[in-house]
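Proteins come first, then strands; the chains are lettered A, B, ... in the order of their sequence lines, and each starts at number 1.
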Amino acid sequence: MAMDKTFDAKEAEARLYAAWEEAGCFRAGANATDGAESFSIMIPPPNVTGSLHMGHAFNNTLQDILVRWHRMRGHDTLWQPGQDHAGIATQMVVERELAKDSANATRREMGREAFLQKVWEWKQQSGGTIITQLKRLGASCDWDRNAFTMSGAPNAPEGEEGNFHDAVIRVFVEMYDKGLIYRGKRLVNWDPHFETAISDLEVENVEQPGHMWHFKYPLANGATYTYVEKDADGNVLFEEERDYISIATTRPETMLGDGAVAVHPSDERYAPIVGQLCEIPVGPKEHRRQIPIITDEYPDPDFGSGAVKITGAHDFNDYAVAKRGDIPCYRLMDTAARMRADGAPYAEAAELAMAVAKGERGLSENEADAVNLVPDDLRGLDRFEAREAVVRQITDEGLAVMVPPTDPRLGTKPPAAPEEGGEPRDEQLVPLVESKPIMQPFGDRSKVVIEPMLTDQWFVDTTKIVGPALDAVRDGTVQILPERDKKVYFHWLENIEPWCISRQLWWGHQIPVWYAPNPSGGADWMRVCAASEAEALEEIRLLWGEDTDLRLVADEREAAELLQDLVGNLTDEGAIRQPQSPSIVPVFRDPDVLDTWFSSGLWPIGTLGWPEDTDALKRYFPTSVLVTGFDIIFFWVARMMMMQYAVVGERPFDTVYVHALVRDEKGKKMSKSLGNVLDPLDLIDEYGADAVRFTLSAMAAMGRDLKLSKDRIAGYRNFGTKLWNACRFAEMNGVFGADVPEWVATPAPTQTANAWIVGETAQIRAETDAALEQFRFNDAANGLYAFVWGRVCDWYVEFAKPLLDSEDTAVQSETRATMRWVLDRCLLMLHPFMPFITEELWGTLAERDTMLVHGDWPADDPAQLVNEDAAREMSWVISLIEGVRSARAQMRVPAGMHVAMLVSGLDAAGRAAWEANAALISRTARIETLDEVDTFPKGTVTIPVGSATFGLPLEGLIDPAEEIARLEKQKAKLSKEIGGLEGRLKNPKFVESAPDEVVEEARENLAARQEEMTAIDAALDRLRELG
RNA sequence: GGGUGAUUAGCUCAGUGGUAGAGCGCUUCGUUCACAUCGAAGAUGUCAGAGGUUCAAAUCCUCUAUCACCCA
């Protein structure tokens, strides 16, 4: 049965993948030899909502190469797949689905339990998309072990068993008990659309056109000072009596929550007024709030006016200043980022804040949070409406900083001055509003502006667990590649912030903390952290007494109401109760869920069945390699390090291989909004998975972004076709016939070409392994490409043709066996990169004991198999053929014409080489005859090869002038080389200092070049005589 | 503003001190029975610039320029 001319990827890929899966080829430990070392990789879990993008394709191709390589080497291999539950993204997707049909209840209408039901339904229907897609890429994960961060959750349906949920909860409880987790009020990134805290990772900072307003904060009680600006030499540039301090802000609405104005301690301009009070220039006049002018290192004296307003509850930098200076943080917005409408009227709140500013009283965090400093007329407004209102009010009152319309900071083109011919203009001043680009944080899912918000959240006290994570990388226990990414890792961990792990969502691991009234009285709810509701209730019962009626209620509000009914002495809603002796004790669970990263932080142990001491855990943990993108070094890699050490006291992996980004061919980041996204599935449809994979690996130079173009992929698809046809040729020539012995022992062919290619193959095997050991995927891929195409297809197949046609059956069968050995090795070594086409060839060409996926990775030793004599001889043959072809092409000898050839100066080695290879040289270079001569007839084109000179007598066919030009060109090139070599060798310091082998190489090289030069000169002389 | 990296053929990029490379593209020729998703031949470089170290620098050091990314 004749093979097709090309590989039909479309038809074969699904069939081959199904065959692998059916045979269980990817199962943990498949193809492992007895007592083999283990090799394990945890997939970076894609979102359960995710679909395959180029980044996934890249990331998983690299993992698959490593996994297939190790599996073929007989290692006990596991590639653990799975998905994370992607709290916010999944919740959003499901809500959006629900919204498609107006008959559906909304999330809030249906309530938590029912909504989670919907999420699970969605997950079961659509959550497997990415798995199917990874299979199309050829990913050889052990799908039977597919993990999910929410598996085993209390409400999980059938088919979602597993214990990941329990593991996460257990870790929370353990860390809580060890004091590594606490609840506190801190500034977090708040998404006003989803009304939850989000992580830094989920915030995209985007530069947007914005405005910077300049306002006057009048000094209290009409105080004044002399404002002086000096240059670097102390000369006075500007001096003015002022009764205000000038403040610039991009977010005027936050002025309402200012707690202070800060200036740099070294700033002499404001030194006279530090310690005084100034007035926030907005809000009802009769209750204008005053705030202190303080010093702090944060303000940059050279930026704006040098003075900064401090709004601790709505800005991260300000928050730090506020903490340092004990400045109250006043929250201005509600969870949807509308201006607060709760609490006491403004007059009352302002009065309280004034007392604090004057130092007459202090405020606890919670007390400060209860104060609503939004003026009554702005309450309930959207934050952007409030901004407009604030600007308008201040400007109307004349408290905006005014400048002439010519001020360059306005960014508008000023009208021409009168002296330049413009209209005379009155000196009407305008408010200083700079138009400038500002960085704004956006929620990556919601696309709304993120609001720094002071809220109660759960935190991991990262400073307590960061130590081992740092040490492990410092002392090399864990290796990060490329090296430079260590710096990113260190930088982040050395400046680690508390990690906010609570999210105000429903989909996720609900925090295992229950609240009940405190039996010994006291202000706050009593907190009980336990692995289950039953345990929590039991603990509470112990404290309240055996016969207490614990009543589980939905939330804090319900608990408070119940208590109020029972005890009736509650004052503040949401605050504190001190029940005398309730007969029923309400208990409610913390409504928040954990950050998805908290659960993915446990990925290495959680997927292996921890906390049970499973066999998988023993075999595969710590894992071998983590392959991941540089963008999640902090968010995931660092957290896995911290958490694995905190929980099991062990490194999660030996090596982290950090890869770069896949960009479009212009180097732009692929993004939906730019429309430059290449969909890997489209590419697989068009070129086949192998071509896509090979392209990605060939371009995976460590630490460099790769720019992907379709041309490149097409090129590697062609490579597959080339391989296919080399095999097709072999098949047609009986190379894979049943009578051809498969070499098992060390091959030692007699024919030079065979001996040569065997050595070359062993060489590339060693190089491929070395490259893969070092994660140099591009070197491995490019090396194989050059070998298969450039050595095997371009030369060896040609050399083999006359041998296969040989009358001598021993030569013929040796060549068949050699070619089979070589091609099988090509298939084996290419398999991790191009699994489909190689598997198909493997199966098509011969009867095999196993599929290629479980083929034995070669271990040929170049030291044994490289035959130096054969290598030298073949290199002589190749340069002769190339020389002849080049001369023919340039002299325009018709390609098909067989010509006579002459030679002079042929030494013994050359003669032997010719005799051994005459057939193949004649065939590839189209030579009819070879005769030895002392001198060439005129009109001979000469080709120096080693010490011999070959000649093509082409009198009449060639133009002597053209041949002279050709030789002159070669001569010029040679002269340059000879010049360089001579220069070095004449330099005594070179001979003294350079290593011997370098000097020796240069000498040999020079001699060879000089020989060639002599031949060319002789040829030129002859031609000139002729001319 | 801080950090990291990049600058090599028309394009995309390899190249950790010893004769400047690959793929794609381009030009010319070629369908001889593995392959036109092919073959043969060919052209193309101040290795960003300026200094320095070295017998020797694309490679190491310093500075400059430009670009990119990350963090503020």
**OP:** Name all residues meeting the salt bridge (Lys or Arg N to Asp or Glu O under 4.0 Å) criterion together with A:Asp685; count only those two or more places apart in sequence or in a different chain, and write none if there are none.
**Re:** A:Arg136
Original post:
Tell me, for nucleotides 34-42 of chain B in 5' to 3' order, what letter each nucleotide earns: B for a base near a protein heavy atom under 4.0 Å, S for only sugar-phosphate near one, - for neither?
Top reply: BBSBSSSSS
**OP:** List for me each residue that meets side-chain hydrogen bond (donor to acceptor under 3.5 Å, both in side chains) alongside A:Gln763, sequence neighbours excluded, and say none if there are none.
**Re:** none
Original post:
When the distance from CZ of A:Phe777 to P of B:C13 is rounded to whole Å, what number comes out?
Top reply: 20 Å
Original post:
For A:Tyr785, which residues count as a ring-ring contact (aromatic ring centres under 6.0 Å, His included) partner, sequence neighbours excluded?
Top reply: A:Tyr716, A:Phe719, A:Trp789
Subject >> side chain to side chain contact (heavy atoms under 4.5 Å, CB included) against A:His491, all qualifying residues, sequence neighbours excluded >> reply: A:Asn495
Original post:
So what does the secondary structure string of RNA chain B come out as, 5' to 3', with Watson-Crick or wobble pairs under 3.5 angstrom, [ ] for crossing and | for pairs with another strand?
Top reply: ((((((((.[[[[.)..(..]]]].(((((.......))))).....[[[[[..)....]]]]]))))))).
Original post:
From the list B:C55, B:C24, B:U12, which nucleotide is the closest neighbour of the side chain of A:Met699?
Top reply: B:U12
Original post:
B:U19 P sits how many Å from A:Lys976 NZ, rounded?
Top reply: 13 Å
Subject >> Rounded distance (Å) that lies between atom P of B:C70 and atom CD of A:Glu204 >> reply: 10 Å
**OP:** Can you sort out which residues in residues 985-992 of chain A have a heavy atom within less than 4.0 Å of RNA chain B? Ascending by number, please.
**Re:** A:Asn987, A:Lys989, A:Phe990
Subject >> Atom pair distance, as rounded to whole Å: NZ in A:Lys486 and C1' in B:U4 >> reply: 16 Å
**OP:** Check the distance between B:U19's P and A:Glu982's CD and give it to me in whole angstrom.
**Re:** 17 Å
**OP:** For A:Thr929, enumerate each residue passing the side chain to side chain contact (heavy atoms under 4.5 Å, CB included) test, keeping only those at least two apart in sequence or located in another chain.
**Re:** A:Ala900, A:Asp931
Original post:
Are A:Asp996 and A:Arg1003 close enough for a salt bridge, meaning some N to O gap below 4.0 Å?
Top reply: no
Subject >> By ring-ring contact (aromatic ring centres under 6.0 Å, His included) - contacts of A:Trp190 (at least two apart) >> reply: none
Subject >> By side chain to side chain contact (heavy atoms under 4.5 Å, CB included) - contacts of A:Glu798 (at least two apart) >> reply: A:Lys801, A:Thr924
Original post:
With a cut-off of under 6.0 Å to the ring centre and 45° to the axis, is A:Arg474 in cation-pi contact with A:Phe490?
Top reply: yes
Original post:
Listed by chain and number, what are the ring-ring contact (aromatic ring centres under 6.0 Å, His included) partners of A:Trp795, not counting sequence neighbours?
Top reply: A:Phe799
Subject >> side chain to side chain contact (heavy atoms under 4.5 Å, CB included) partners of A:Ser875, counting only residues at least two apart >> reply: none
**OP:** Remember a base hit wins even if backbone is also touched, and classify A:Arg926 as base, sugar-phosphate or nothing at under 4.0 Å, heavy atoms.
**Re:** base
Subject >> Whole angstrom value for the distance that separates C1' of B:C69 from CH2 of A:Trp492 >> reply: 19 Å
**OP:** Using a 4.0 Å heavy-atom cut-off across all strands, classify A:Asp300 as base, sugar-phosphate, or nothing.
**Re:** nothing
